[in-house]
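One structure below.
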Amino acid sequence: MKKGILAVVSGFSGAGKGSLMRELLQRHGEQYALSISATTRPPREGEEHGREYFFVSKEEFERMIEEEALIEYACYVGNYYGTPKEYVLEQMEAGRDVILEIEIQGALKVKERFPDALLLFVTPPSAGELEKRLRGRGTETDEVILCRLKRAAEEAEFMEDYDYILVNDNLEVCASEMHALIQSQHLRTGSSQEWIARIREELCRF
Ligand code: 5GP
């Protein structure tokens with residue numbers, strides 16, 4: 001059986017990554033596995049341990065680092081976030097494409113460790129639209145919104161490190177594009193080493 005693809009999705013806060021993941025899983029739930037990260041930040045209202053995140057103490061998180069139980073981890077706004085290794089490797093082995101929705105430092109570490117990983121960056125069509133979406137949530141103060149926009153400006157410096165930029169103008173279209181990009185990764189020569197070895201061996205018999 002073919003191994004699954006490791007796909008990393010990052011993007012500005014307010015780019016619509018969460019809705020995009022939901023749409024993709026709703027359409028192709030059997031094909032994808034969404035990794036659940038560990039974090040030391042406290043749960044927000046409505047969040048559940050083991051669903052949005054594994055909420056752990058700083059000591060527990062540091063133990064996971066020591067035991068090399070994480071594929072990558074990063075410190076983001078004062079808290080640790082990391083990707084547990086076991087689930088990701090198990091799902092890829094079972095042929096499922098695993099999606100990590102993580103920030104930039106973590107994404108670059110994943111690429112170093114797994115050069116075949118596909119890095120996708122999601123952005124709204126313009127800075128004005130990003131501001132509109134952040135204000136539209138109606139849950140944050142002007143100060144927080146400005147802080148997120150400033151952070152987006154910093155993050156924009158790393159966009160070229162990603163394999164593809166996905167403009168999330170229309171959720172359905174963007175989800176289709178994301179699915180097509182991940183699926184086309186299965187056809188790359190790097191993901192087909194076993195297949196290539198087999199046909200070479202067969203051809204040698206002539
Ligand atoms: P939030 O606290 O809003 O849920 O997440 C903050 C940031 O952490 C988001 O950009 C999210 O993508 C990122 N993040 C979530 N899980 C991980 C992880 O396992 N590793 C890294 N590096 N970033 C993560």
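Counting convention: from 1, in listed order, for ligands and their atoms alike. What you are looking at is a predicted structure, and each value in this text was computed from that prediction instead of being measured.
Pairs passing the salt bridge (Lys or Arg N to Asp or Glu O under 4.0 Å) check and including a residue from residues 118-130, sequence neighbours excluded, read Glu129-Lys132, Glu129-Arg133.
Listed by chain and number, the residues in a ring pair (Phe, Tyr, Trp, His ring centres under 6.0 Å) with Phe12 are Phe121 (sequence neighbours excluded). Checked against ring pair (Phe, Tyr, Trp, His ring centres under 6.0 Å), Phe54 has the following partners two or more places apart in sequence or in another chain: His49.
For CD of Glu30, the number of neighbouring non-hydrogen atoms (other residues, nucleotides, ligands) closer than 6.0 Å is greater than 12.
For ligand 1, residues of the protein lying within 4.0 angstrom by heavy-atom distance are Ser37, Arg41, Arg44, Tyr53, Glu72, Ala74, Tyr76, Tyr81, Gly82, Thr83, Glu101, Ile102, Glu103, Gly106.
From Ser35, atom OG reaches atom CD1 of Ile71 across 7.0 Å, with rounding to the nearest 0.5 Å.
Using a cutoff of 4.0 Å between basic side-chain nitrogens and carboxylate oxygens, Lys111 and Asp161 are not scored as salt-bridged.
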